Amino acid sequence: MTTIQGKTGEWEVVIGLEIHAQVISAAKLFSGAPTDFGAEANTQVSFVDAAMPGMLPVINEFCVEQAVRTGLGLKAEINLYSVFDRKNYFYPDLPAGYQISQYQQPIVGKGTVYLDLPNGETRAVGITRLHLEQDAGKSLHDQHPDLTYVDLNRCGIALMEIVSEPDLRSAEEAGVYLRKLRSILRYLGTCDGNMEQGSLRCDANVSVRRPGEDYGTRSEIKNVNSIRFVQQAIEYEARRQIELREEGGTVAQETRLFDSRKGVTRLMRTKEEAHDYRYFPDPDLLPLILDKEWVEKIKAGLPELPDEKKARFMADYGLSAYDAGVLVAERETADYYEAVVGGGGGEDRRDPKLVANWVINELFGQLSKAGKSINDIPPERFAGLIDLVVEEKVSARSAKEVLTVMLVTGKDAARIVAEKGLEQVSDAGAIEAAVDRVLTDQADEVAAYKAGKEKLFGFLMGQVMRATQGKASPKLVNEVLRKKLGGK
Amino acid sequence: MALDKATVAHIAILARIKATDQELDHLVGELSKILAWVEQLGEVDTENVAPMTGVAGMKLPRRQDVVTERESVDTVLANAPASARGFFSVPKVLE
Amino acid sequence: MGALTELTIAEARDGLAKGTFSARELAEAHIRAVEAARPLNALITETPERAREMAEASDARRKRGDAGLMEGIPIAVKDLFCTAGVLATAGSHILDGFKPAYESTVTAQLWQAGAVMLGKANMDEFAMGSSNMTSYYGAAENPWRRQGGGDNRPLVPGGSSGGSAALVAARAALGAIGTDTGGSIRQPASFCGVVGLKPTYGRCSRWGIVAFASSLDQAGPMTRTVRDAAIMLRAMAGHDPGDSTSAPVDVPDYEAALTGDVRGLKIGIPKEYRVDGMPAEIEELWRRGMDWLEAAGAEAVEVSLPHTRYALPTYYIIAPAEASSNLARYDGVRYGLRVEGKTPEEMYETTRAEGFGAEVKRRVLIGTYVLSAGYYDAYYLKAQKVRSLIAQDFKDAFESVDLVLTPTAPSAAFPVGEKMDDPIAMYLNDVFTVPASLAGLPGISVPAGLSADGLPLGLQIIGRAFDEETVLRVADVLEKAAGFDARPQFIAGV
């Protein structure tokens, strides 16, 4: 069990997350206005979005489909009968004075997300529900000293609110959950998961308790916009609650805001100030009734999801759980990996473990250093490099250099190798000459080696490689060197 | 149910309608009377009765995911009592 | 040629078709009548220039040979409909200066059919009222006055579509469109001696109509004859993909349904409508209505609508609840009145305090209360259940009868200024119209007689959902039998 050590003993942190995920769709949930991000203020607004008098909502079928698809991806119950309610509150970026949401009868019920924890454990986290609702507009508070500006572009975009059970026990687990959920949403193509742009937002419910006790009173931290901040906010909030209780205080049920500059949470409103949303079924709409066959059709069209893909990578490619997990985290990466392996998984495929190794350790590392993505290097081009390594036309060391050049120039591996003269030297005569030169130059080390200081073999090996600018076949160098040193 | 003044004041805040003390006093009586009158519904046995969810008895129609409406910013702001630089403007929200 | 303002829509249509007069001439006559009708305060905005343009365009269309169903017919539009570029007030201060950039579906269809707009008619604020006295723009007056030398105070035209009813009665418009949420077309029709039809919920699109209570609001025609209502409804009705509650059903030729033959139809007389204190003259009129229809070959049958007495309290939970939410958008941010404040909260509270009148505030507060935490089940949910029972009552009754006949209102028009201090007494005006509204059924009020002091009284016919044809057919027979030819004291047309 993950616990936090307080002054007076151990504490367990209990976390549930509420995710708001913007649905990928061309038009909004109840209007025909576009959903593009980053447009000029108030240029993506219909009369419905601006809640002009007499305007009425008509639901976007694709948004419903996306919610169902997400529910299926979360292994959740799809409710064939759901109801849209009005959630009433006043705010300048909520034009109608109510948000169309789902309250008592959401479109998706209970589901499960599986987490791979860093300690190797798998943890099931319960999904309580998923419902469809409208996003609000944006209020800009920093444009004018006395005014708040309102942009309604975002207003009315479909959101899925995904509520988890209080099954998470640490900030780290919350991070793993968020990454996993984001991965699933991206696999499904239902949300782009971009937290910076606000297409994925997170509220965290945090409480602490002594191990074995009932749940403590929770506070809700609103609208945290990165995984790192979610973790920081939880850490801070858990500590705050523990200190409060250890000093004899009680945690109040309240809503708090995370201040990312100071790394603290602060009070937004107390329970007494909590909104009275006066939910009631939206009389402009009717209950949403889904055909079972329609849901089945969506289910049949679901892509392979991270969990299944990981299992397949382990079984078919013999990858470790860790490597498989890294590769499937993003659908793009997994697809890339499989494209490099190639051969449709049959006889012609490249060595899957070798490819995994190169993709995870070399490609990812160099890409992130260069600030690039896998989109900058087509899988065929990267596969060409792997082939040269396998065919021993280039040494591993040179191959890394080739990759670096490849990322800059976009040239093929073979061409880079030729231009840079990086072909692996497998000419026995040339290698022998190089070995002879090293043995002459390093007479003292050779003597010491022969006197029993066997560790020096590696040094001598290195000297030969250096003398050949790393182009010599390490295997051949090894053989020749051993022979010349006395055939051990 | 007879409403008290505090309740009416609370409802007025929820509804964002400013009411003077005098208005509240008057509303307490009026609203209480109306509520007492509608409460005769309590006499009706509604056990096993489903609430009405739609008058027309039809299926919720659905729209295709196609962009069909995009008003110009000038049209959107045309009736706004206050706007600036393409935004609606309101007194500063204190977070 | 007689006065053009005295024509029915059907007669005007024929005159225009024959070329006896032009749409422009018909419009001019009505523009003059509208000016003459100003003492009634029945219009909030007059649109004479637009009327002339539309009439000329109509004449041009007719010349080209593509005349629509309402070609050249000048009408008034209740100021709850958004018409592009024309002030839309909903009778409220809070919509000050609001000019929508869009056209409601119903008005768009009417213009498409060739109708000509005379102006935007006065109404109770946000359609909340039965007298037109809650309008921010002042009460509209009924063109009728009591006869007999006694009390001769100005009378209310009823409401909320009071301006529309007064204009049609005073011959300032050939027809008008109203909206009916709990009786807002039928009751003013009864008070002003005109025909008013509330179609089935879902028959006419609500798109572009300022919302009062979304599950009840329905647009309909107000005319001087049943035939005119049939002509107008055909132009107004139809499925609108922009309104999720608009029914995807075909629109029949309602005029063709006016066969005059009601033989064999069973007319239900709901015993629960014999409410305590019903004036004898209204009961008598109801009786006569049954006799007329029986004389025409229909059969009057007593039916029971057991939950009738709960209709008004049910309505006064559901309508305010929906209104409290529908009216939340009037916040001073995007359109209409704004009273500045230091914070948005202050701006909201003062804008809404100043912008809404007393009745609107009352209903918004009641609606807010019945939806608030802890009270939803006891009020709103309970009311929606009782509403189911009321709808079921009608379904049961329609197993054995084809229509239901009732009085439209429990009294004739009352003087301006009365009942304003007693909301419940005011609400009782709608006792006979609200049940059909809750059930979503079509209902029509037909002028059927005069009260002892010479004021018009209407009878209501309620039909099955989407069976406006039978409703109109019987209303036409009732109208002919009643032979209502009394005229209001104030006639605007010359």
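Here the structure is a predicted model, which means the values were calculated and not measured.
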*Between M58(B) and S244(C), what is the shortest heavy-atom contact and its length?*
CE-O, 3.4 Å
*For chain C, which residues from residues 73-81 of chain B have at least one heavy atom closer than 4.5 Å to it?*
T75(B), N79(B), A80(B), P81(B)
*Contacting region of R309(C) [heavy-atom separation from chain B under 4.5 Å]*: both
*Measure distances from A439(C) to the heavy atoms of chain B and classify the residue's part below 4.5 Å as side chain, backbone, both or neither.*
backbone
*Check each atom of S246(C) against the heavy atoms of chain B and say whether the ones under 4.5 Å are side chain, backbone, both or neither.*
backbone
*So, for A15(B) and L365(C), which heavy atoms are closest and what is the spacing to 0.1 Å?*
CB-CD2, 4.0 Å
*asked:* At a heavy-atom distance under 4.5 Å, which candidate from H10(B), R16(B), K18(B) has the highest pair count against chain C?
replied: R16(B)
*Can you list the residues that meet the side chain to side chain contact (heavy atoms under 4.5 Å, CB included) rule with R464(C), with sequence neighbours excluded?*
F398(C), D402(C), D467(C)
_Run L312(C) and W37(B) through side-chain contact (heavy atoms from CB on, under 4.5 Å) and show every step you take._
CA-CA 10 Å; L312(C) 267 184; W37(B) 174 66; 3.8 Å; yes
*Go through the atoms of E346(C) and report whether side chain, backbone, both or neither lie under 4.5 Å from a heavy atom of chain B.*
neither
*asked:* Just so I understand: if I count every heavy-atom pair under 4.5 Å between each of L41(B), L27(B), I13(B) and chain C, which residue has the most?
replied: L41(B)
*Which residues from residues 59-71 of chain B are near chain C, with near meaning under 4.5 Å between non-hydrogen atoms?*
L60(B), P61(B)
Enumerate donor-acceptor pairs with a distance under 3.5 Å from any side-chain N or O in residues 43-51 of chain B to protein atoms, sequence neighbours excluded.
unit_1: E43(B); atom_1: OE1; unit_2: Y310(C); atom_2: OH; d: 2.5
unit_1: D45(B); atom_1: OD1; unit_2: E47(B); atom_2: N; d: 2.9
unit_1: T46(B); atom_1: OG1; unit_2: K382(C); atom_2: NZ; d: 3.0

*Of the non-hydrogen atoms in I34(B) and P423(C), which two are nearest, and what is the gap between them?*
CD1-CB, 4.3 Å
